[in-house]
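When a ligand or atom number is given, it counts from 1 through the structure's own listing order.
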Amino acid sequence: MALLIRGGRIVTATDDYVADIFCAAETITRIEEGLETADLGVNPEELEIIDASGRYVFPGFIDPHVHIHLPFMGTHAADDYESASRAALAGGTTTLIEMICPGPNDEPWEAFELWRSKAKGISAVDFTFHMSVVRFEPEIREQFSRIVAAGVPSFKVFLAYKGALDLSDADLFAAMKFARELGVIVTAHCENAAVIDAMQQDLLAQGKTGPEWHGPSRPPVVEASGVHHICSFAALTRAHVYTVHTSCEEAVREALAARQRGVDVWIEAVAPHLVLDESYPSRGEFEGAKYVMSPPLRARKNQEILWNRLSTRAISTIGTDHAPFRFADQKTMGRDAFTKIPNGIPTLQERIDLVHTYGVNAGQISLQTMVDACSAQPAQIFGLYPRKGTIQLGSDADLVVYDPAYRGVFSQGTSHSRADYSAYEGWERIGRPAIVTVRGEIQAFDGEFVGTMGRGVFLEREPTH
Ligand code: URP
Ligand code: ZN
Ligand code: ZN
């Protein structure tokens with residue numbers, strides 16, 4: 001079926017105009033004003049026409065940081081590619097970049113194959129990965145070369161999660177030198193694992209066991225120190241780095257100072273840090289556990305800084321760090337000690353509407369910045385542009401017809417994630433994706449999945465750094 005989207009306001013990172021978009025098959029083939037159906041060369045019965053007047057038409061959104069298959073902290077994240085696809089598409093996201101997070105004894109190539117098998121033939125959105133390096137002995141390096149050659153030219157390193165995912169400095173340095181040689185960007189969770197572990201033990205010893213102590217166990221200086229650390233290694237190795245879920249003024253300042261010194265560093269913010277603050281993990285009845293993520297939710301003043309640095313484009317991207325754990329039987333694993341609460345907040349479905357409501361409508365960022373941060377920059381930084389991330393001839397027909405007049409609320413009841421709560425329950429929501437296409441086929445309509453499971457493809461990328 002060919003697709004004609006008529007009269008929408010096309011908003012990309014660089015353009016804002018009204019025109020029609022025609023997609024003969026999976027890609028965008030014409031963008032013009034007043035396209036006549038008779039001129040399209042398709043049988044009218046094989047043409048789907050969408051009236052987008054009064055609506056925005058965005059390039060499909062890309063989430064550069066999600067966890068779907070995630071064995072973590074003694075349990076597994078609650079979603080799979082079926083629920084995650086529904087959530088992504090309902091929220092206007094058409095491409096996922098998932099973190100492959102193997103355990104410290106796993107073989108990297110096997111992990112890559114396992115994670116790919118969880119998505120292939122199941123996902124309804126297109127997908128690719130960042131490959132976590134949790135160990136880096138000489139004998140396994142060849143496996144990382146193969147993973148890069150197979151289309152995954154981005155690494156993930158954790159400075160946090162002692163004994164689980166964290167990498168020694170010797171391995172970190174070697175991995176970054178290797179990344180530089182291969183032209184691979186290194187994405188990094190920047191918090192010092194040893195310091196956090198010591199502070200957590202101190203707090204527990206004082207009987208401070210509730211979720212409200214998660215934040216104090218990893219204050220902003222711990223994250224800033226992690227950013228300084230990765231940027232120092234980047235200066236030494238000349239590797240390109242990307243600080244994931246950068247949450248606070250101190251951490252952003254470290255990254256920008258490194259950039260001033262010539263380090264190639266990109267900064268990611270994630271939606272929870274933009275809209276939730278440190279008061280949430282203190283909610284009574286253990287409800288605070290729903291809001292435990294790392295780095296932790298910060299003092300409210302940091303939100304202003306993050307929005308501001310997004311508006312100046314110092315922060316490049318907005319992801320989610322979607323890491324869904326059920327409250328009933330997973331978050332409650334940490335009733336006796338906050339250190340056992342699985343870290344993460346589900347936000348995959350909500351990201352774009354949160355950014356539209358609390359970023360664009362609140363006057364924090366422009367519509368074009370929203371598109372840049374949530375689509376164009378993830379595509380550019382991670383080697384997907386211009387196939388993804390924009391609306392131009394030859395790009396994949398991943399399109400979001402967005403209704404800015406919609407008014408509603410965020411709620412678990414309308415969420416497709418398998419988490420059993422919404423961190424944004426009852427919050428005002430302005431705007432929603434009305435129609436979402438992936439490579440020319442309609443996959444979601446007014447928040448409901450109407451597409452084909454398994455249609456998503458693995459996006460093989462080339463090293464660009
Ligand atoms: O709390 C978080 N962020 N959970 C997911 C794992 C990670 O650190 O990204
Ligand atoms: Zn992380
Ligand atoms: Zn993450």
Side-chain angles (χ1 to χ4, degrees), residues 62-79 84 96-104 115 128-134 154-167 172 186-193 196-197 200 211 213-215 217-218 222-223 226-227 229-230 241-248 251 255 267-274 276 278 280-281 288-298 317-327 330-331 333-334 338-348 351 378 382 417 419 421 423:
I62 301 169
D63 195 330
H65 182 167
V66 298
H67 302 272
I68 313 296
H69 174 62
L70 178 65
F72 186 52
M73 297 185 74
T75 186
H76 278 78
D79 277 327
L96 298 179
I97 312 186
E98 187 192 4
M99 303 288 176
I100 297 176
C101 296
W115 258 260
T128 178
F129 304 98
H130 300 303
M131 181 68 212
S132 293
V133 182
V134 297
S154 45
F155 289 163
K156 170 75 183 286
V157 295
F158 290 88
L159 308 191
Y161 304 126
K162 187 168 155 41
L165 296 166
D166 66 325
L167 197 58
L172 177 63
V186 179
T187 73
H189 177 138
C190 301
E191 289 181 298
N192 186 296
I196 292 166
D197 186 57
Q200 286 178 336
W213 297 104
H214 174 72
S217 76
R218 43 214 310 155
V222 170
E223 187 182 349
V227 172
H229 195 72
I230 200 81
V241 291
Y242 173 97
T243 63
V244 301
H245 49 42
T246 318
S247 71
C248 59
I267 307 171
E268 172 192 88
V270 294
H273 290 135
L274 288 166
L276 295 164
E278 64 184 356
Y280 286 85
K290 295 177 180 173
Y291 301 93
V292 166
M293 69 172 290
S294 296
L297 299 176
R298 301 296 194 190
T317 60
I318 304 174
T320 57
D321 194 11
H322 180 72
F325 295 98
R326 291 178 301 276
F327 180 70
Q330 294 187 296
K331 291 284 186 179
M333 288 162 59
F338 67 88
T339 49
K340 295 187 197 147
I341 300 169
N343 288 195
I345 299 178
T347 310
L348 177 53
R351 173 181 62 144
F382 297 116
S417 168
Y421 71 96

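Below 30°, between 30° and 60°, or above 60°: for H214 and F338 the angle between ring planes is above 60°, a perpendicular geometry. Under the 30°/60° scheme for interplanar angles, the aromatic rings of F327 and Y421 are found to stand perpendicular.
Here N343 has heavy atoms under 4.0 Å from ligand 1 in both its backbone and its side chain.
Taking 2.8 Å as the criterion, H245 does not count as a coordinating residue of the Zn ion (ligand 3), since none of its N, O or S atoms falls below it.
Looking only at distances, a side-chain donor or acceptor of H322 sits under 3.5 Å from a matching main-chain atom of T347. For the pair T243 (side chain) and I267 (backbone), a donor-acceptor distance under 3.5 Å is absent.
When the Zn ion (ligand 2) is compared with the N/O/S atoms of H189, atom ND1 turns out nearest. Taking the Zn ion (ligand 3) as reference, the nearest N/O/S atom within D321 carries the name OD1.
In summary, the aromatic rings of H67 and H69 are positioned with their centroids too far apart to meet the 6.0 Å limit.
Backbone and side-chain nitrogen or oxygen atoms of K156 are examined, and none is located within less than 3.5 angstrom of a nitrogen or oxygen of ligand 1.
Counting the atoms of ligand 1 from 1 in the order shown, those under 4.0 Å from a heavy atom of M293 are 1 (O).
The shortest heavy-atom distance from M99 to ligand 1 is not under 4.0 Å.
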